[in-house]
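Report on one structure; see the data block that follows.
Keep in mind that the numbers below use all heavy atoms, side chains included, and drop hydrogens, waters and symmetry copies.
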Amino acid sequence: MEAHVNIAGKSSDPAAGRRDHLSILLWLLQAGPIIILVTLVVAFGLLAPHFLSVRNLQNLLAQSAIVCALGLGQFLVILVRGVDVSVGSVIALSVVTVATLTGVDQPSSVALVIYPLVGLIVGLINGFLIVKGGIPQPLVVTVAMLGIVAGVALLISGGNTLVGVSPAVHWLANGKMSGIPAGALTVLVLAGLFWVMLRRTQWGRWLYAVGGNPDVAQWVGLPRDRLIMSAYAICGTTAGIAGMLYHGRTGSASPLSGIGYELDAITAVVVGGASLFGGRGSITNVLFGALIIATIRSGLQQLDVSPFWSSVAIGIGILLALELDVLRKHIETRIRTLRARQVSQ
């Protein structure tokens with residue numbers, strides 16, 4: 001059967017029309033994170049008189065930097081069909097380790113290295129256990145590591161909170177450059193580095209390939225195990241960097257630091273459009289996802305709404321994002337089917 005062409009020169013093939021409509025819907029789904037963020041900013045800007053003030057926007061960027069850092073590393077793990085719920089405990093371990101080894105207010109540049117180093121060690125252990133330990137479920141491994149790391153943080157600190165932070169860490173978390181929070185700039189540089197690694201290097205292309213189909217990736221000769229281990233190692237490192245920002249923001253080192261941040265990191269990635277099926281997502285949308293979380297919390301606070309509602313809103317956001325991911329996969333399959341039919345005709 002041939003497609004008919006009307007007087008205006010446009011195809012009257014109903015399959016082509018359906019494909020065009022599906023393509024538009026798919027584009028809207030892919031642009032969803034920024035559309036949601038803009039909608040939230042406009043809504044809270046209209047409802048809360050001080051939401052769009054310079055000071056509040058600066059605070060919003062500074063607060064979202066911690067989740068952004070966690071989300072960047074979590075994205076790599078989810079990209080290869082994994083998950084890491086130990087990142088919140090890594091924050092606690094990194095801050096108490098630094099406070100114990102260097103003191104809480106000493107101007108030591110060594111502290112800037114210890115935070116990510118602690119995270120790197122935990123990330124390597126996670127990756128090794130998942131790849132070489134024969135445990136098929138990353139969630140189980142990282143849940144166990146969450147408890148282990150939290151326990152080590154308690155042992156190191158003796159259950160005590162050390163108040164104070166080095167001037168360098170305090171500035172990185174609270175300082176400003178040209179009115180932009182230093183923490184936000186740190187995360188922006190980190191995101192730029194990740195973007196280059198994922199989009200301009202062979203390692204990044206291989207990472208997407210492993211997430212798309214791990215078995216095929218190994219069959220064609222890609223170093224699947226090393227790629228997965230590298231993703232967990234980097235995830236741990238960014239959790240250590242998030243610990244540094246957390247330490248600077250709070251000014252204290254507690255073994256209970258970072259509780260709940262693992263959920264925020266996963267939420268930022270999922271709401272940002274990455275697929276839990278692996279092989280899909282972008283660094284830019286992870287940042288949008290983290291900003292969406294920060295915007296919801298800041299906006300509700302500006303409206304004097306109970307902070308408990310922000311957890312409800314974020315939980316609903318996770319469910320919606322997961323459903324949209326399923327819908328996106330269905331639409332892509334439908335578009336491929338329509339294209340195949342058109343070619344066969």
Non-neighbouring partners of Q302 that pass side-chain hydrogen bond (donor to acceptor under 3.5 Å, both in side chains), sequence neighbours left out: N56
According to side-chain hydrogen bond (donor to acceptor under 3.5 Å, both in side chains), who are the partners of T97, at least two apart in sequence or on a separate chain? none
Using side-chain contact (heavy atoms from CB on, under 4.5 Å), reason through L52 and V41 one step at a time and then give a plain yes or no. CA-CA 8 Å; L52 293 178; V41 169; 3.8 Å; yes
Is it true that, when you exclude [X] itself, more than 12 heavy atoms of the residues, nucleotides or ligands shown sit nearer than 6.0 Å to its [atom1]?
{"X": "W203", "atom1": "CH2", "result": "yes"}
{"X": "Q301", "atom1": "CD", "result": "no"}
{"X": "L57", "atom1": "CG", "result": "yes"}

Could you check whether any side-chain heavy atom of [X] comes within less than 4.5 Å of a side-chain heavy atom of [Y], counting everything from C-beta outward?
{"X": "L93", "Y": "I156", "value": "yes"}
{"X": "L287", "Y": "L72", "value": "yes"}
{"X": "I130", "Y": "M229", "value": "no"}
{"X": "L117", "Y": "T237", "value": "no"}
{"X": "V122", "Y": "Y232", "value": "no"}
{"X": "I36", "Y": "P33", "value": "no"}
{"X": "I91", "Y": "L70", "value": "yes"}
{"X": "R280", "Y": "Y208", "value": "no"}

Taking salt bridge (charged side-chain N to carboxylate O under 4.0 Å, His left out) as the test, write out the residues that go with D215, two or more places apart.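 Partners of D215 under the salt bridge (charged side-chain N to carboxylate O under 4.0 Å, His left out) test: R224.
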[X] with [Y], same ILVMFWY side-chain cluster at under 4.5 Å:
{"X": "V113", "Y": "L193", "value": "no"}
{"X": "I259", "Y": "Y115", "value": "no"}
{"X": "V149", "Y": "L154", "value": "no"}
{"X": "V152", "Y": "F128", "value": "yes"}
{"X": "M145", "Y": "L155", "value": "no"}

Residues that, via side-chain heavy atoms closer than 4.5 angstrom, fall in one hydrophobic cluster with W195: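 Besides W195, the cluster holds V196.
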How does the hydrophobic cluster around L319 look, that is, which other residues are in it when side-chain heavy atoms under 4.5 Å mark a link?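 Cluster partners of L319: none, it stands alone.
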Of all the heavy-atom pairs spanning [X] and [Y], show the shortest one and how long it is.
{"X": "V269", "Y": "G71", "value": "CG2-O, 3.4 Å"}
{"X": "V67", "Y": "A268", "value": "CG1-CB, 4.1 Å"}
{"X": "S94", "Y": "G243", "value": "OG-CA, 3.7 Å"}
{"X": "V77", "Y": "A231", "value": "CG2-O, 3.7 Å"}
{"X": "G73", "Y": "C235", "value": "O-CB, 3.5 Å"}
{"X": "S298", "Y": "L60", "value": "CB-CD1, 4.0 Å"}

Return the set of residues passing ring-ring contact (aromatic ring centres under 6.0 Å, His included) with [X] (not counting sequence neighbours), or none when no residue passes.
{"X": "F75", "result": "none"}
{"X": "F51", "result": "F44"}
{"X": "F194", "result": "none"}
{"X": "Y261", "result": "Y246"}

Among pairs that include at least one residue of residues 189-207, which meet salt bridge (Lys or Arg N to Asp or Glu O under 4.0 Å), considering only residues two or more places apart or in two chains?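 Sorted result for residues 189-207: empty, none.
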Distance from [X] atom [atom1] to [Y] atom [atom2], nearest 0.5 Å?
{"X": "L207", "Y": "Q202", "atom1": "CG", "atom2": "CD", "result": "12.0 Å"}
{"X": "L245", "Y": "I66", "atom1": "CG", "atom2": "CD1", "result": "6.0 Å"}
{"X": "T238", "Y": "M244", "atom1": "OG1", "atom2": "CE", "result": "11.5 Å"}
{"X": "S64", "Y": "D264", "atom1": "OG", "atom2": "CG", "result": "11.0 Å"}
{"X": "S166", "Y": "L112", "atom1": "OG", "atom2": "CG", "result": "6.5 Å"}
{"X": "S53", "Y": "N59", "atom1": "OG", "atom2": "CG", "result": "8.0 Å"}

What side-chain donor-acceptor pairs closer than 3.5 Å can you find for residues 78-88, not counting sequence neighbours?
| residue | atom | partner | partner atom | Å |
| --- | --- | --- | --- | --- |
| R81 | NE | G211 | O | 2.7 |
| R81 | NE | F277 | O | 2.8 |
| R81 | NH2 | G211 | O | 3.4 |
| R81 | NH2 | G212 | O | 2.7 |
| D84 | OD1 | S86 | N | 2.9 |
| D84 | OD1 | S86 | OG | 2.5 |
| S86 | OG | N126 | ND2 | 3.2 |

Passes side-chain contact (heavy atoms from CB on, under 4.5 Å), Q63 versus R249? Steps please. CA-CA 8 Å; Q63 291 168 3; R249 289 288 295 175; 3.4 Å; yes
Determine yes or no for a side-chain-to-main-chain donor-acceptor pair under 3.5 angstrom, with [X] supplying the side chain and [Y] the backbone.
{"X": "S257", "Y": "A253", "result": "no"}
{"X": "H247", "Y": "H170", "result": "no"}
{"X": "T267", "Y": "L263", "result": "yes"}

Of L37, T295, V271, which meets side-chain contact (heavy atoms from CB on, under 4.5 Å) against F288? L37
Please tabulate, for side-chain N and O atoms in residues 177-189, each donor-acceptor pair with protein atoms closer than 3.5 Å (sequence neighbours left out).
| residue | atom | partner | partner atom | Å |
| --- | --- | --- | --- | --- |
| T186 | OG1 | A182 | O | 2.9 |

